[in-house]
Amino acid sequence: MVKKLCLWPLLFPVWSGAAAQSLRVTPAEVQLGDVALRSKNRIELTCVNVSDRPLVIREMRTDCSCTKPAWPKSPVLPGDSVQVSVVLTPTDRGAFYKTIHFVLSPESDRPVQAVLRGKVY
């Protein structure tokens with residue numbers, strides 16, 4: 001039993017460092033500043049496949065219906081990049097923090113997301 005406990009610290013760094021992101025989104029956070037109520041705000045994101053295998057963006061989930069993403073449905077080859085478009089049309093006044101979650105195939109070890117921030121006047 002003592003030998004098993006002594007091995008645990010040796011294995012933990014391997015597990016904690018194993019998580020890798022397969023898609024890099026730039027910019028990961030977009031500061032929109034002040035935006036008008038019901039205005040259409042288009043944001044372009046660049047997505048780079050940093051893995052060693054092709055992947056597909058199967059879905060993009062957003063926090064609300066005021067955020068509409070559009071993305072290519074074809075596979076992204078290793079090292080290649082694609083443009084993703086997001087249109088934000090705010091329906092409420094005040095500060096906002098919208099998260100866009102990328103659903104990939106094959107799945108990424110870590111969550112892939114982008115954030116839109118700003119204030120609606």
Side-chain angles (χ1 to χ4, degrees):
M1 182 67 164
V2 174
K3 289 181 182 179
K4 288 181 184 177
L5 292 176
C6 291
L7 291 176
W8 177 252
L10 296 174
L11 295 175
F12 184 74
V14 173
W15 288 336
S16 63
Q21 194 166 6
S22 56
L23 189 71
R24 183 177 58 230
V25 180
T26 308
E29 184 171 321
V30 178
Q31 184 61 255
L32 293 170
D34 293 335
V35 296
L37 184 67
R38 293 183 185 67
S39 64
K40 289 189 184 268
N41 302 275
R42 184 182 173 133
I43 299 97
E44 293 290 327
L45 304 171
T46 302
C47 301
V48 179
N49 180 351
V50 293
S51 73
D52 59 355
R53 59 185 182 226
L55 35 100
V56 175
I57 302 172
R58 288 188 335 193
E59 184 180 359
M60 291 176 66
R61 297 180 183 150
T62 61
D63 293 339
C64 71
S65 61
C66 66
T67 310
K68 303 282 187 201
W71 66 95
K73 307 307 188 246
S74 59
V76 183
L77 299 176
D80 282 355
S81 64
V82 294
Q83 291 295 115
V84 169
S85 176
V86 180
V87 176
L88 171 74
T89 309
T91 56
D92 296 320
R93 296 185 194 280
F96 63 87
Y97 184 93
K98 305 292 182 189
T99 306
I100 303 161
H101 302 276
F102 290 75
V103 179
L104 306 174
S105 179
E107 291 182 15
S108 180
D109 295 338
R110 291 187 349 206
V112 178
Q113 61 188 30
V115 173
L116 309 178
R117 299 176 74 135
K119 185 175 180 182
V120 180
Y121 62 91

* Can you tell me which residue pairs pass the salt bridge (Lys or Arg N to Asp or Glu O under 4.0 Å) test with a partner in residues 46-60, sequence neighbours excluded? =>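 Every pair satisfying salt bridge (Lys or Arg N to Asp or Glu O under 4.0 Å) with a residue in residues 46-60: E59-R61.
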* Can you list every salt bridge (Lys or Arg N to Asp or Glu O under 4.0 Å) pair that touches residues 89-99, not counting sequence neighbours? ->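 Sorted pair list comes back empty.
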Only counting residues at least two apart or in another chain, list the ones meeting side chain to side chain contact (heavy atoms under 4.5 Å, CB included) with [X].
| X | answer |
| --- | --- |
| V50 | R24, V48 |
| P78 | N49, P54 |
| Q113 | T99, H101 |

* To do: Tell me, please, which residues at least two apart from E107 pass side chain to side chain donor-acceptor pair (under 3.5 Å).
  =>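 With neighbours one apart ignored, the set is empty.
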Got [X] and [Y] here, is their nearest side-chain heavy-atom distance under 4.5 Å?
| X | Y | value |
| --- | --- | --- |
| S22 | L104 | yes |
| F102 | S108 | no |
| L45 | P27 | yes |

* Approximate separation, where rounding is to 0.5 Å, of L77 CG and S51 OG ->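 Going from the CG atom of L77 to the OG atom of S51 covers 10.0 Å.
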Under 3.5 Å donor-acceptor pairs involving side-chain atoms of residues 114-121, not counting sequence neighbours:
none

* Asked: Do any pairs count as a side-chain hydrogen bond (donor to acceptor under 3.5 Å, both in side chains) and have a residue in residues 68-79, sequence neighbours left out, and if so which ones?
  ->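 Qualifying pairs: none.
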* Residues clustering with V103 (ILVMFWY side chains joined when closer than 4.5 Å, directly or via others) ->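 The other cluster members (ILVMFWY side chains, heavy atoms under 4.5 Å, direct or chained): none.
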Donor-acceptor pairs under 3.5 Å, side chain of residues 32-41 to any protein atom, not counting sequence neighbours: which ones?
unit_1: S39; atom_1: OG; unit_2: A36; atom_2: O; d: 2.7
unit_1: S39; atom_1: OG; unit_2: N41; atom_2: ND2; d: 3.0
unit_1: N41; atom_1: ND2; unit_2: S39; atom_2: O; d: 3.1
unit_1: N41; atom_1: ND2; unit_2: L88; atom_2: O; d: 3.2

* Can you hop from V25 to V56 via hydrophobic side chains spaced under 4.5 Å? ->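 Different clusters: V25 never reaches V56 through Ile, Leu, Val, Met, Phe, Trp or Tyr contacts under 4.5 Å.
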